[in-house]
Amino acid sequence: MAQPEQFESSKLRTLDVLLREGFDRVSLEKVVAALVGAEPWIIRPVPFEPTGRAFDLLPPGTVEPGQAWELARRLQADPSVEDADPAFEAVYAEQTAVTDTAPTRLKAQPAEAGPRTFNENDCDWSPRFVKAGEAWTLTGGASQGEGILIGHPDSGYLPSPELGPNFTPSLGWDFIDDDPTTENPGGGHGLGTASVMSSPYNGPSADGPKLFVDGVAPKAEVVPLRVAKPTLFVPSPVLFNVGVDRLRDSIGFAIQRRVHVISISLGWLPNAGLHRIIQQAVRENIIVIAAAGNYTGPIVVWPGAYDEVVTMAACNASAQPWAFSAWGKAVDATGPGEDVWVAQPADKVGQSSGTSYATATVAGIAALWLAHHGRDNLLAKYQGGPALAQVFRHVLRATCDSWPQSQLAWGAGLVNAKACLEAPLPDVTELESFTARALLHESSDTVASTFSGLPQADVLRGLATTLGVDEQKAARLDSDYGRELRFWALTDSPFRRALQEGAGRDRQALRAKAQVVLPPFSPSLRAAIR
């Protein structure tokens, strides 16, 4: 059976509004009243936002996505508003629905067995794959993540001996139930990813090989932040039925907790407020790591698609790409993600697959790197210069083991913890700025950049064919209405498939089919297409 279409519908949670300097809540109240009349929209400040100019507009009831985009456009036209971007819940439409075709897969280049080929039945294959144990024994600094705090937005957790003494739920928060208790019955995914990061090391026993998970940074401290719920048929929480604003708020909370690394093994829809808080975290010298995505093919999910984030694709124990890993230019590197041994509910251990585990692995490597060099020493060395996230990404990518896969799809190579820690710290002149990276990847709020694994020109041709316009007009529409077009590409599966078929140069076949039923665009976008 093919995987189900995961992202079928959506529900507006809030309009994320950023005011220009010199304007305040009173100004926003007047603008909202003029646009929506007597409807009782709730206006509340965005939590943990440092400027005091960001607000959530909470709708009084159900607002269709097209209406939300129209209101966002009208808000942004006001002189007091710098930005307005809807934040949606991704809602699972039909739990029994399946796709007509299998998820998009990229053909991998063959690789001969070598030193990076392991037996997936060995419980510790994934930390050995990245040479974590060798990194622990290096001289010249702390070696197992001592003193490093990892913020962990996920599904919460379930108790397990694999979490060990450095797992600190007392510092966390539940952003779904709005209370400090992050333990919950749906916390299995958070348990598994936390164990990959920092499960205590357990050596072989007298009775034979151990049957325990080895965390990459077993002495790092992990703080659970509950932002997601697991969903039937979906192998990881993708912010279903909860909304991207909770992830945004959890990152603000993590900044206030003064964490050093944030590990995000989830994602899907983008949002300007989420991007701003990630940029704030990076300015605070927090290393943010996120998953490329599962079953999304050439679409790298958000926040992994943001340039400030270290983004991970997944491979297996034989150093082959995981068949269902997302891929594209936004990927920084690849790490263990298929059949990784993780802690599971009821004190069990088992195997699980996903870019979630490659992400957790690299969060552990980041903790090792910070502890090895001493975070305070790193801050002193780069004071007034690049953020630590920028330095770490450079070192991580520069020390990856090469493999036959395309760097435009799978990043710099296979992550290597030992080499990452051993590498000399780079000079400032060697580092690529986030701005330069963004320009290189041509990343923007467009549907053309949404398909990170496809040429943007091809996606624009697919957009032209799907909308029934010429390519010049398609480019103008993507420039003017890119956020909305991107949203529909992510949430409307027929529209997404049509764009991919067009981008795949199968435009004649696309034209030969019955005309694609377009999503319920906003009135402004519909008018612009005509």
If you round to the nearest 0.5 Å, how far is [atom2] of [Y] from [atom1] of [X]?
| X | Y | atom1 | atom2 | answer |
| --- | --- | --- | --- | --- |
| Leu370 | Leu388 | CG | CG | 6.5 Å |
| Thr450 | Leu463 | OG1 | CG | 10.5 Å |
| Leu158 | Leu191 | CG | CG | 6.0 Å |
| Leu525 | Leu467 | CG | CG | 7.5 Å |
| Glu484 | Ser522 | CD | OG | 3.5 Å |
| Leu499 | Leu485 | CG | CG | 8.5 Å |

Inset, instruction - Walk me through it: do Ile286 and Val259 pass the test side-chain contact (heavy atoms from CB on, under 4.5 Å)? - result: CA-CA 7 Å; Ile286 298 170; Val259 305; 4.2 Å; yes
Indicate yes or no: at least one non-hydrogen side-chain atom of [X] is less than 4.5 angstrom from one of [Y].
| X | Y | answer |
| --- | --- | --- |
| Asp16 | Arg276 | yes |
| Leu396 | Val362 | yes |
| Arg13 | Arg246 | yes |
| Phe88 | Asn271 | no |
| Ser479 | Thr446 | no |
| Val223 | His152 | no |
| Leu518 | Trp488 | no |
| Arg20 | Ser80 | no |

Do any N or O atoms from the side chain of [X] and from the backbone of [Y] form a donor-acceptor pair under 3.5 angstrom?
| X | Y | answer |
| --- | --- | --- |
| Thr355 | Gly293 | yes |
| Ser406 | Leu408 | yes |
| Thr334 | Trp410 | yes |
| Thr14 | Leu57 | yes |
| Lys11 | Glu89 | no |
| Asp249 | Phe175 | no |
| Glu471 | Ala464 | no |
| Arg486 | Val447 | no |
| His260 | Leu149 | yes |
| Thr359 | Ala291 | yes |

Closest heavy-atom contact between [X] and [Y]?
| X | Y | answer |
| --- | --- | --- |
| Ser170 | Arg257 | O-NH2, 4.4 Å |
| Pro523 | Gly66 | CD-O, 4.3 Å |
| Ala330 | Ser452 | N-OG, 2.9 Å |
| Val309 | Gly304 | CG1-CA, 4.1 Å |

Inset, instruction - Determine, stepwise, if the pair Ile287 / Ile262 fulfils side-chain contact (heavy atoms from CB on, under 4.5 Å). - result: CA-CA 6 Å; Ile287 299 170; Ile262 298 176; over 6 Å; no
Can you tell whether the side chains of [X] and [Y] come within less than 4.0 Å, N to carboxylate O?
| X | Y | answer |
| --- | --- | --- |
| Arg248 | Asp56 | yes |
| Glu82 | Arg53 | yes |
| Asp154 | Arg226 | no |

Inset, instruction - With sequence neighbours excluded, give me every side-chain hydrogen bond (donor to acceptor under 3.5 Å, both in side chains) pair touching residues 60-72. - result: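 Residue pairs with at least one partner in residues 60-72: Glu70-Ser524.
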Inset, instruction - Tell me, with the steps shown, if Leu266 and Leu247 meet side-chain contact (heavy atoms from CB on, under 4.5 Å). - result: CA-CA 10 Å; Leu266 45 77; Leu247 177 58; 4.1 Å; yes
Inset, instruction - Ignoring hydrogens and angles, state whether a donor on the side chain of Ser265 or His189 is under 3.5 Å from an acceptor on the partner side chain. - result: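 His189 and Ser265 do not have a side-chain donor-acceptor pair below 3.5 Å.
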Legend entry - Donor-acceptor side-chain pairing of Thr182 and Tyr157 below 3.5 angstrom: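 Short answer, no.
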Inset, instruction - Begin from the C-alpha positions of Leu28 and Val17 and carry the test side-chain contact (heavy atoms from CB on, under 4.5 Å) through to its verdict. - result: CA-CA 9 Å; Leu28 182 58; Val17 178; 4.0 Å; yes
Inset, instruction - Determine, using ring centers only, whether Tyr295 and Trp322 are less than 6.0 Å apart. - result: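 Aromatic pair counts; centres sit under 6.0 Å.
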Legend entry - Phe521 ring center near Tyr481 ring center (under 6.0 Å):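 Centroid separation for Phe521 and Tyr481: 6.0 Å or greater.
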Inset, instruction - Show your reasoning for whether side chain to side chain donor-acceptor pair (under 3.5 Å) applies to Arg497 and Gln500. - result: CA-CA 5 Å; Arg497 285 196 293 268; Gln500 288 184 262; over 6 Å; no
Inset, instruction - Just do the side chain to side chain donor-acceptor pair (under 3.5 Å) check on Ser352 and Tyr357 with the steps written out, would you? - result: CA-CA 8 Å; Ser352 188; Tyr357 306 113; 2.9 Å; yes
Inset, instruction - Pick out which of Leu58, Leu35, Leu15 makes a side-chain contact (heavy atoms from CB on, under 4.5 Å) with Trp41. - result: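 Only one option passes, and that is Leu15.
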Inset, instruction - Could you give me the CA-CA distance, side-chain angles and deciding distance for Glu49 and Thr51, then say whether side chain to side chain donor-acceptor pair (under 3.5 Å) is met? - result: CA-CA 6 Å; Glu49 201 280 328; Thr51 69; 2.7 Å; yes
Legend entry - Aromatic plane relationship, Phe253 with Trp173 - under 30° parallel, 30 to 60° tilted, over 60° perpendicular: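 It falls in the tilted class, 30° to 60°.
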